[in-house]
Amino acid sequence: MAARLPPARHRRVARVRGAGARRLRRCGGGAARAPSRRAALAGAFVTGPRLRYAPSPTGDPHVGNIRTALWTWLHARRHGGTFVLRLEDTDQGREIPGSLERIEASLRWLDLDWDEGPRNGGPYAPYVQSQRLALYHEATDRLLASDAAYRCFCSAADLEAMRERQRAAGEPPGYDGRCASLLPDEAAARAVTGEPHVIRFRMPRDGTTTFTDLLRGEITYENRLLDDFVIIKSDRFPTYHLAHVVDDHAMAITHVTRGEEWIPSTPRHVRLFEALGYPLPIFVHTPVILGPDGGKLSKRHGARSVLDFAAEGYLPETLFNFLAIMGWSPDGATELLTRDAIIAAFDLQDLAAHPSVFDTQKLEWMNGVYMRALPEAELASLLLDRLERDLPPEAPRPIDAALVAGLVPLVRERIKLLADIAPLVDFCFLPEPPLPDQAALLGKAYRARPAAAADALAAAVEALRPLAAAWSAPEIEAALRTLATALAEKPGDLFMLCRLAVTGKAVTPPLFETMALLDAARCLASLAAAEALARSAVATPCRGPRASPGDRTPCVCYVGWTGGDSSKGRTADSGSVSRGSNPRSPASLPNLHGVPVSSRMVKVSAQLAPTWPQSSPATLVAPCPGRTSAGRSLRD
RNA sequence: GGCGCAUUCGUCUAGUGGCCCAGGACACCGCCCUCUCAAGGCGGAGAUCGCGGGUUCGAAUCCCGCAUGCGCUACCA
């Protein structure tokens, strides 16, 4: 058993360096892999620092936690040391099944391999605290024997009452030591009868306890403020305090890395190490990661576990780099570094001691950088996987890999997350080319002249049809530029019209290249469909003013508004509303005709409240004219 | 309440007594490029180094006090 192995630091051995060390470094890690060679060899000649990541199985590790793991791993790798994974499952009640798997998955995603751990074993196995109970009991027996610890029979109710009294009296809360003076033999006898009890560590009453934190220097606590804390719970499991001290010593851990919330209990650990006759490890308390509001990072702030980031489409390389430099800097200027560069420059000693706010925008930027740096084929395969998952079911599977490959150069500088890909290029994969709604299709440029848009679209079809045999981006571009000139349209306007027609969106990858990737017939069909849509805006006549309030003959009629404000940068009459084409237009709009305008308008205005100028009641400027072309407001 | 830790542009950071009237990055703004959006290039704005004392010829850097934030104050970790 692990307890019988002598601590590694007592062995006299040669340092492992160079290629040998590097080779060893690559071993271990995944649970699926065989136990690492490094672990097998550890007993023989490894002396580098030994560090551990010791999470408790209470769910997915969050970024703060995993960043400490990352730093710990980096230090081990930088100094040719050993990285150990240990599961701290001493609180049975809080255990969440499957946590070990999630923890391992998180580490593996970041490619943080561990030399010793629960599944791959190692010279100090087992690496699960619930399997090491005998060790803690053994240590406790020693403590009991030397009177450094004692049994406490106080019930939870007793303790609560005690705390209540202390609160009321304004005293510092803490165990008052009422069982401290029980005779050990009597206490032992009571324990034998099965009387429930815990075991407490006897802290010195006066004096101070000082320890050194690698990042902050000496920290001193007054002993009288520290109470006799529990080391063995009534279920015979150890508390964190005892388990950590026993295990970190038994596993020959040289650097204890953990969150800064542990600073206040470190004097207890120090006293425990001493009482057990163990040398002190180096304590490194890492700062916390804050949310954008300066508070603790939480679900409200978006992803907080690394696995969440993976799901959102961040690259592991990005998180690795980002987490490494949040709170650590190699030189104050370099922020983009390879794994190897980070390993080469890293040292726990250089960590910041202050908390940092998680800057998602910077993370996104960095992910974009890594994404653009990825070899095309690699990005293509990542995007293909992503599309398989994210594209709506209508998109036929399997997703066209060749098409994805063709899209990569067009999209790589337009996405920051893998998850950005589907909304950007979904139109390429849908069986039916999507059409925008009429207002979007016409846009600002053609709103007032849908006929021109329809004509342009028709001309585009004709101009492109002959190219179908030699369908390429330069050809398409040349044809459309020529067309724009011929029609005396601004090229940008024409291109946007085509973009909307072909993709259904105003924001897309470059038009000509995208069209070239798509089937020519499909593009022509889209353009033709768009032409019809534009034409319908021209063709539908308005039947004029309604004869009576009850007349609900359908028509396309644009209404203009005045009297609103422009506080939101929008003049009151700039937002023409067409029935059926503007999702914000209220259902009652078709009924406007012939209805007393002023009262009706107030009602409509109220219904549009969230999106419409509200400071003053709007009024309909004029009744619907006998005939109005789309896009023209009534005041025209 | 007590104890502890932290405190440089909005954010991440460089800085360990003179090279700093504070450097880099993200974000922001402007210009260029441009078929949209990006990406890219160039430029700009942005920090009295939390505040107040002190030490020193000289302080972001050392000391003291205060303030603020966070943490701990469990038979949780």
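Convention: sequence-line order gives letters A, B, ...; per-chain numbering from 1.
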inquiry  = Tell me if the side-chain of Arg499(A) makes a donor-acceptor pair with the base of C35(B), cut-off 3.5 Å, by modelled atom types.
reply    = yes
>> Under 4.0 Å from OP1 or OP2 of G1(B): is there any side-chain N or O of Arg167(A) that close?
In response: no
(request) Please work out if Ala506(A) contacts a base, only the sugar-phosphate, or nothing of the nucleic acid, heavy-atom cut-off 4.0 Å. (result) base
- Quick one: label Ile263(A) by what it contacts on the DNA or RNA (base, sugar-phosphate, nothing), any heavy atom closer than 4.0 Å. sugar-phosphate
Comparing Thr90(A) with Arg216(A), nearest RNA chain B nucleotide closer to 5' gives the residue Arg216(A)
Taking a pair to mean Watson-Crick or G-U wobble geometry with both distances below 3.5 Å, G50(B) pairs with C66(B)
Testing C76(B), A27(B), C12(B) for proximity to the side chain of Thr239(A), the answer is C76(B)
Between CZ of Arg414(A) and C1' of U36(B) the distance, given in whole Å, is 9 Å
Review point. OP1 or OP2 of C70(B) sitting under 4.0 Å from any side-chain N/O of His354(A)?
Key: no
With a non-hydrogen cut-off below 4.0 angstrom, is Gly368(A) in contact with a base, only sugar-phosphate, or nothing? nothing
| task | Pick the C1' atom in G71(B) and in A39(B), then give their distance to the nearest Å. | result | 43 Å
note: Asn367(A), atom CG; A25(B), atom C1'; distance rounded to Å ~ 16 Å
Result for 5'-nearest mapping on RNA chain B, choosing between Tyr240(A) and Gly295(A), is Gly295(A)
What's the gap between G15(B) and C9(B) when it is taken at their C1' atoms, as a whole Å value? 15 Å
N/O (side chain, Arg200(A)) to phosphate O (OP1/OP2, C75(B)) under 4.0 Å | yes
Out of U73(B), A77(B), U13(B), minimum distance to the side chain of Pro173(A) belongs to U73(B)
Exercise for review: Determine the contact category for Pro491(A): base if any of its heavy atoms lies under 4.0 Å from a base atom, sugar-phosphate if only primed atoms, P, OP1 or OP2 are that close, otherwise nothing.
Suggested key: nothing
query = Has Ser356(A) got a side-chain N or O lying under 4.0 Å from the OP1 or OP2 atom of U13(B)?
reply = yes
Checklist entry - If you draw the axis of the six-membered ring of Phe201(A), does the NZ or CZ of Arg271(A) fall within 45° of it and under 6.0 Å from the ring centre? => result no
message = I'd like to know if the side chain of Arg216(A) reaches the main chain of His285(A), judged simply by a donor and an acceptor atom lying under 3.5 Å from each other, with no hydrogens or angles considered.
response = yes
| query | A74(B) phosphate, OP1 or OP2: any side-chain N/O from Lys233(A) under 4.0 angstrom? | reply | no
Side chain Lys362(A) and base A27(B) donor-acceptor under 3.5 Å:
no
Using 30° and 60° as the class boundaries, would you call the ring planes of His75(A) and His255(A) parallel, tilted or perpendicular? tilted
Original post:
Between the side-chain atoms of Glu335(A) and the base atoms of G24(B), is any donor-acceptor pair under 3.5 Å?
Top reply: yes
Side-chain contact check for Pro264(A): nearest option of G71(B), C3(B), C5(B) is G71(B)
The nucleotide from C12(B), C5(B), C75(B) with an atom nearest the side chain of Val230(A) is C75(B)
query: Under 4.0 angstrom, heavy atoms only, what part of the nucleic acid is Pro55(A) near: base, sugar-phosphate, or nothing?
result: nothing
Notebook entry, point to check: Taking the C1' atom of each, how far is A47(B) from U11(B), in whole Å?
Noted result: 13 Å
Of the listed G71(B), C12(B), C35(B), the closest approach to the Val357(A) side chain comes from C12(B)
Rounded to whole Å, CD of Glu364(A) lies from P of U11(B) at a distance of 19 Å
**Q.** Interatomic distance at P, G44(B) relative to A6(B), whole Å
**A.** 37 Å
Taken to the nearest whole Å, CZ/Arg268(A) to P/C3(B) is 16 Å
Scanning all shown strands, the Watson-Crick or wobble mate of G71(B) with both distances under 3.5 Å is C3(B)
From the candidates C3(B), C76(B), G1(B), the one with an atom nearest any side-chain atom of Leu225(A) is C3(B)
Discussion item. Classify the ring geometry of Tyr221(A) against Phe211(A): parallel below 30°, tilted from 30° to 60°, perpendicular beyond 60°.
Written reply: parallel
Counting only N and O atoms by type, is there a donor-acceptor contact under 3.5 Å from the side chain of Arg412(A) to the main-chain atoms of Leu374(A)?
yes
* With sugar-phosphate meaning primed atoms plus P, OP1 and OP2, does Trp262(A) contact a base, only sugar-phosphate, or nothing at under 4.0 Å between heavy atoms? -> base
Checklist entry - Do the rings of His197(A) and Phe153(A) sit parallel, tilted or perpendicular, given the 30° and 60° boundaries? => result tilted
To the nearest angstrom, the CG-P distance between Asp213(A) and C72(B) comes to 16 Å
Among A6(B), C75(B), G10(B), the one nearest any side-chain atom of Arg163(A) is C75(B)
Among C75(B), U36(B), C12(B), the one nearest any side-chain atom of Leu159(A) is C75(B)
When rounded to whole Å, the CG to C1' distance for the pair Leu336(A) and G24(B) reads 13 Å
Need one value for Asp91(A): base, sugar-phosphate or nothing, where a base atom within 4.0 Å counts as base even if backbone is also close, heavy atoms only. sugar-phosphate
Review point. Cys154(A) near the nucleic acid: base, sugar-phosphate alone, or nothing, with a heavy-atom cut-off under 4.0 Å?
Key: base
Using Watson-Crick geometry (N1-N3 plus N6-O4 or O6-N4) or G-U wobble (N1-O2, O6-N3), each under 3.5 Å, U56(B) is paired with none
May I ask you to say whether Glu160(A) pairs ionically with Arg167(A), meaning some side-chain N is under 4.0 Å from a carboxylate O?
-> yes
Which of Arg178(A), Arg268(A), Arg163(A), Arg205(A) passes salt bridge (Lys or Arg N to Asp or Glu O under 4.0 Å) with Asp227(A)? Answer is Arg268(A)
Quiz prompt | Any donor-acceptor N/O pair under 3.5 Å between C35(B) base and Glu513(A) side chain | solution = yes
Which of C35(B), G4(B), A6(B) is nearest the side chain of Ile219(A)? It is G4(B)
Taking C5(B), C35(B), A14(B) as options, the one with an atom nearest any side-chain atom of Ser329(A) is A14(B)
Whole-Å distance, Phe322(A) CZ to C26(B) C1', equals 9 Å
Met366(A) atom CE is separated from U11(B) atom C1', nearest whole Å, by 13 Å
Aromatic ring pairing His244(A)/His269(A), orientation class (parallel under 30°, perpendicular over 60°, tilted between): perpendicular
